[in-house]
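The block underneath contains the structure these notes are about, expressed in structure tokens.
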2 protein chains.
Amino acid sequence: MSEEEEGQPEGARARRPRADSLRNRERLLAAARALFADGGPDASLEAVARRAGFGIGTLYRHFPTREALFLAVYQREADELVALAERLRDHEDPLDALRLWLRASVGMVATKKGMLAVLAPAAGAADALYADTRPRLIDALGALLRRAVDMGRARDDVGPEDVLRALYGFCHMGGEAHWRASALRLLNVFVDGLRPAAP
Amino acid sequence: MSEEEEGQPEGARARRPRADSLRNRERLLAAARALFADGGPDASLEAVARRAGFGIGTLYRHFPTREALFLAVYQREADELVALAERLRDHEDPLDALRLWLRASVGMVATKKGMLAVLAPAAGAADALYADTRPRLIDALGALLRRAVDMGRARDDVGPEDVLRALYGFCHMGGEAHWRASALRLLNVFVDGLRPAAP
DNA sequence: TGATAAGCGGAGGCATCCTCCGTATGTTTC
DNA sequence: GAAACATACGGAGGATGCCTCCGCTTATCA
């Protein structure tokens, strides 16, 4: 009775996952990220498996749906952005730190763009994803921004939400092939604009 | 030399398209609209052909790519909205006319939502589409709005661009299954809000 | 009422999706 | 360290979709 609770009792009696399995999951994730990034969200799942060096069956066991794979990739990228923000806290020039972080973020938006289209049908999945991730990103960005403001290197009339919105806006402009380069240029201009107005 | 100009000379020597062909194109378009509307933009093209009662080859001759089909459907819907606005010019209650038009527009956004994702890769196609369609919609909406303002039934501090933006905003909220119903509710509230403030 | 250009159908080649199960390999226990 | 067991892997295979190609049908024009 107390032996078969929902997803293991307390000090559960479940074997820990096999080490190779974890390694493999990691390799699949890396391959997926690479392919989604430049092949778009319609990249073939078989191609992902092949690139990672596995059979298609393996991919499907780890990620039973395309959506599950997307979610995992996106979460992972968000984690890394949060970690990056952490590291950048000690960067000499706080405005430069902000710039670096935003540039890194462009990559994540590249993933997310495709995801929105793919996740939409699965009502709720996208929301759950956002609800979890967005505040963490706002926090991370907010810390970088606040530091820049406190050190007198950035104006204080924009919040992290505004910056994030601007970032997405830059990335969504048109369907151009070079949107990425364009977004990075715009970002540069924007960060320059964040400098406090010379009195 | 003057015989083979770009797309026929003047009083060109081209047979007019076969009557059945035009009819069939129409049926294909109707089927496509229906399937895209509730099946999303990934609806199978074979399903479209089947629903229209044709072989797949016929669909491909009329619309050589999925994108071409989308464009045709979207243009058509825009045409109808413009025509609808025309008809509503004489509607008794101008604010009600506006409401009716906006409700009809929700249907079109349903199509466009999917299109954005699909057209994005084909750099420029989406832009060309917008460049052509948007101003016509703004005009149509502008006429309805102006009339309501002139007759003292609507406040005068919002333009057609604002209303259109609001409309899109309502439709893009979340990935919910019931977004359509939700959008219609929000629209109602919005139009009520357009009434001039009671003095 | 032919002659002929235009349109139609759908088989077929190729790609992808996803499932299923026999084989292989980590993990645990003694 | 070896047997026993639970897990993970591979990839064939059936289903579906994309798109092309070409022989047959039909509307139009003289």
Side-chain angles (χ1 to χ4, degrees), chain A residues 3-4 7-8 11-32 35-36 39-73 114 117-119 121-122, chain B residues 3-4 7-8 11-32 34-36 38-73 114 117-119 121-122:
Chain A
E3 171 76 11
E4 259 283 52
Q8 266 57 276
R13 190 46 261 106
R15 262 178 200 217
R16 80 168 168 293
R18 279 168 55 159
D20 58 341
S21 174
L22 268 65
R23 262 200 314 277
N24 295 346
R25 182 188 168 91
E26 224 47 40
R27 275 170 56 193
L28 285 167
L29 229 39
L35 284 187
F36 286 146
D42 290 333
S44 151
L45 294 187
E46 321 230 347
V48 171
R50 213 159 37 236
R51 174 169 187 141
F54 294 110
I56 184 65
T58 299
L59 185 150
Y60 272 95
R61 186 156 351 80
H62 283 284
F63 308 100
T65 66
R66 176 183 289 270
E67 199 180 297
L69 182 55
F70 264 122
L71 268 158
V73 169
V118 173
L119 291 179
Chain B
E3 172 76 11
E4 259 285 50
Q8 265 59 278
R13 193 45 263 103
R15 251 175 208 223
R16 83 169 168 290
R18 282 168 54 157
D20 57 342
S21 175
L22 266 64
R23 261 199 315 276
N24 295 345
R25 182 187 166 90
E26 224 46 40
R27 273 170 58 192
L28 285 167
L29 228 40
L35 283 187
F36 286 147
D38 60 45
D42 290 332
S44 151
L45 293 188
E46 320 230 347
V48 171
R50 214 159 36 234
R51 174 170 186 138
F54 295 111
I56 183 67
T58 298
L59 186 151
Y60 272 96
R61 186 159 351 80
H62 283 284
F63 308 101
T65 66
R66 175 183 289 271
E67 202 178 297
L69 182 55
F70 265 121
L71 269 158
V73 169
V118 172
L119 290 178

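Below, chains carry the letters A, B, ... as their sequence lines are ordered, and counting in each starts from 1. In what follows, every heavy atom counts, from backbone to side chain, and hydrogens, waters and symmetry copies are set aside.
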### Query
Are B:S21 and C:dA6 close enough that a side-chain N or O sits under 4.0 Å from OP1 or OP2?
no
### Task
Indicate the atoms forming the closest heavy-atom contact of B:A72 with B:R25, along with that distance.
CB-NH2, 4.3 Å
### Query
How about A:L22 and A:E26: do any of their side-chain heavy atoms sit closer than 4.5 Å?
no
### Query
Roughly how far apart are A:R66 CZ and A:D42 CG, rounded to 0.5 Å?
6.0 Å
### Message
With the threshold set at under 4.0 Å for non-hydrogen atoms, list the residues of residues 44-55 of chain A touching DNA chain C in residue-number order.
### Response
A:S44, A:L45, A:E46
### Query
What integer distance in Å separates A:F63:CZ from D:dA8:P?
13 Å
### Query
Does A:V48 reach the side chain of A:R51, with side-chain heavy atoms less than 4.5 Å apart?
no
### Message
Quiz question: going by heavy-atom distance under 3.5 Å, is there a donor-acceptor pair between the base of C:dA6 and the side chain of B:R18?
### Response
yes
### Spacing between B:R27 atom CZ and C:dG7 atom P, to the nearest angstrom
16 Å
#### Entry: Nucleotide nearest B:R16 when distance is taken to its side chain, options D:dC29, C:dC8, D:dT20
D:dC29
### Summary
Closest non-hydrogen atoms of A:L59 and A:L45, given as atom of the first, atom of the second and distance, are CD1-O, 3.6 Å
#### Entry: A:Y60 OH - C:dC21 C1' separation (whole Å)
17 Å
#### Entry: Earlier contact from the 5' end, DNA chain D, for B:A19 and B:G57
B:G57
### Query
Whole-Å distance between C:dA6 C1' and B:L22 CG?
12 Å
### Message
In whole Å, I'd like the distance from the CG atom of A:N24 to the C1' atom of D:dG10.
### Response
12 Å
## Note on the structure
Of A:R61 and B:T58, the one whose nearest nucleotide on DNA chain C sits closer to the 5' end is B:T58
### Query
What's the shortest heavy-atom distance between A:L28 and A:A49, and which atoms?
CD2-CA, 4.4 Å
## Note on the structure
A:I56 CD1 to C:dC17 C1', in whole Å, measures 8 Å
## Note on the structure
One should read off an interatomic distance between B:F54 CZ and B:N24 CG, to the nearest 0.5 angstrom, of 3.5 Å
### Query
Please give, in whole Å, the distance from C:dC17 P to A:L69 CG?
11 Å
### Message
Rounding to an integer number of Å, can you tell me how far B:H62 NE2 sits from C:dG7 P?
### Response
7 Å
